[in-house]
Novice: 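Here you go, one structure.
Values below: all heavy atoms of this structure, side chains included; hydrogens, waters and symmetry mates excluded.
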Amino acid sequence: MTIKKQHLWIDREYDRISTEIPCRIGPVGGARKSAVIVNLSAGGLKFTCSREVFDLLLPEDQRIPGQIGNVDIEIQFQLHSTGSRKPLNIRTLARIIYTERLAQDSYTAGIKFLSLGETDVRALATSIRERNIRPGWL
């Protein structure tokens, strides 16, 4: 994994790394489906998913890729840090910031963490900075 700073229209607060981490994602209080985290920071992430998952997460009037307004979701994933026997289990509320259609049945979305505890933010930021993350499996 390599650290890559991404600059769209804003400067990022946290370093971001490219990943291939499986996750479970769904509407708040609803069923969770599988997706893959493609980049990760201590403040948010980007994931890819199928059309089925995309439709599950977004209200019908917001399914056109682009800027999204006030769509909160739940996400769960696990990370293993080199040198640590205990995985970092992340389960948090997040807000979808944008979406993009990649192909007929492939979408990506960027999310901002809403309820990640300060301890988890620090652990995530440290692991990313030291580049010692391995994907965990749910």
Novice: Please assess Phe77 against Leu40 for the test side chain to side chain contact (heavy atoms under 4.5 Å, CB included), listing each intermediate value before the final yes or no.
Specialist: CA-CA 11 Å; Phe77 60 97; Leu40 175 66; 4.0 Å; yes
Novice: Would you say Val28 ends up clustered with Leu114 if hydrophobic residues are merged whenever their side chains have heavy atoms under 4.5 Å apart, either directly or through other cluster members?
Specialist: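 Linked within one cluster.
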Novice: Kindly compute the distance separating SG (Cys49) from OH (Tyr107), expressed to the nearest 0.5 Å.
Specialist: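 If we round to the nearest 0.5 Å, Cys49:SG and Tyr107:OH are 9.0 Å apart.
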Novice: If you round to the nearest 0.5 Å, how far is NZ of Lys112 from OH of Tyr98?
Specialist: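 One gets 14.5 Å once the value is rounded to the nearest 0.5 Å.
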Novice: Test side-chain hydrogen bond (donor to acceptor under 3.5 Å, both in side chains) on Arg24 and Ser34 and set out the steps.
Specialist: CA-CA 5 Å; Arg24 303 286 292 168; Ser34 295; 3.0 Å; yes
Novice: Taking a hydrophobic cluster as the set of Ile, Leu, Val, Met, Phe, Trp and Tyr residues connected by side-chain heavy atoms closer than 4.5 Å, whether directly or through intermediates, do Ile25 and Leu93 fall within one such cluster?
Specialist: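 No: no chain of side-chain contacts under 4.5 Å links Ile25 to Leu93.
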Novice: Measure across Leu56 and Ala31 and return the closest heavy-atom pair with its distance rounded to 0.1 Å.
Specialist: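 Nearest heavy atoms, Leu56 then Ala31: CD2-O, 3.8 Å.
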Novice: Working to the nearest 0.5 Å, report the span between CG of Asn39 and CD1 of Ile128.
Specialist: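 Interatomic distance, Asn39 CG to Ile128 CD1, rounded to 0.5 Å: 9.5 Å.
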Novice: Side-chain contact, heavy-atom cut-off 4.5 Å: Ile75 with Ile90?
Specialist: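 Side chain of Ile75 against side chain of Ile90, heavy atoms only: no contact under 4.5 Å found.
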Novice: In chain order, what residues pass the salt bridge (charged side-chain N to carboxylate O under 4.0 Å, His left out) check against Asp72, with sequence neighbours excluded?
Specialist: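 Arg95.
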Novice: Taking side chain as C-beta onward, heavy atoms only, is Leu58 less than 4.5 Å from Thr99?
Specialist: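 Side chain of Leu58 against side chain of Thr99, heavy atoms only: contact under 4.5 Å found.
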Novice: Please report the interatomic distance CG(Asp55) to OG(Ser50), rounded to the nearest 0.5 Å.
Specialist: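 Between atom CG of Asp55 and atom OG of Ser50 there are 8.5 Å.
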Novice: Test of understanding: with side-chain contact (heavy atoms from CB on, under 4.5 Å), list the residues that count as partners of Ser41, not counting sequence neighbours.
Specialist: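 For Ser41 the side-chain contact (heavy atoms from CB on, under 4.5 Å) partners, ignoring immediate neighbours, are Tyr14, Arg16.
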Novice: Is a side-chain donor or acceptor of Thr126 paired with a backbone partner of Arg122 at a separation under 3.5 angstrom?
Specialist: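 Side chain of Thr126 to backbone of Arg122: a pair is present.
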Novice: Determine, step by step, whether Phe47 and Val38 satisfy the side chain to side chain contact (heavy atoms under 4.5 Å, CB included) criterion, reporting the C-alpha distance in whole Å, the side-chain angles of both residues, the deciding distance to 0.1 Å, and the verdict.
Specialist: CA-CA 5 Å; Phe47 66 89; Val38 295; 5.9 Å; no
Novice: Atom CG of Leu116 and atom CZ of Arg91: how far apart are they, to the nearest 0.5 Å?
Specialist: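 Result: 13.5 Å between the selected atoms.
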Novice: Nearest 0.5 Å please: distance from the OG1 atom of Thr92 over to the CG atom of Leu45.
Specialist: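 It is 10.0 Å, given to the nearest 0.5 Å.
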Novice: I need the minimum non-hydrogen distance between Glu74 and Pro27, along with the two atoms involved.
Specialist: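 Reported closest heavy-atom pair: OE1-O, 3.9 Å.
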Novice: Let's go through Leu88 and Asp120 carefully: what are the C-alpha distance in whole Å and the side-chain angles of both, what is the deciding distance for side chain to side chain contact (heavy atoms under 4.5 Å, CB included) to 0.1 Å, and is it a yes or a no?
Specialist: CA-CA 8 Å; Leu88 179 60; Asp120 287 338; 3.5 Å; yes
Novice: Can you tell if the side chain of Val71 reaches within under 4.5 Å of the side chain of Pro59, non-hydrogen atoms only?
Specialist: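 Answer yes - side chains close enough.
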Novice: Tell me, please, which residues at least two apart from Glu52 pass salt bridge (charged side-chain N to carboxylate O under 4.0 Å, His left out).
Specialist: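 Counting only residues at least two positions away or on another chain, Glu52 forms a salt bridge (charged side-chain N to carboxylate O under 4.0 Å, His left out) with Lys33.
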Novice: Does any part of the side chain of Leu124, heavy atoms only, come nearer than 4.5 Å to the side chain of Leu79, both counted from C-beta?
Specialist: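 Yes, at least one pair of side-chain atoms sits under 4.5 Å.
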Novice: Are Ile111 and Ile97 close enough, and set up right, to give a side chain to side chain contact (heavy atoms under 4.5 Å, CB included), and what steps lead you there?
Specialist: CA-CA 5 Å; Ile111 64 172; Ile97 305 300; 5.6 Å; no
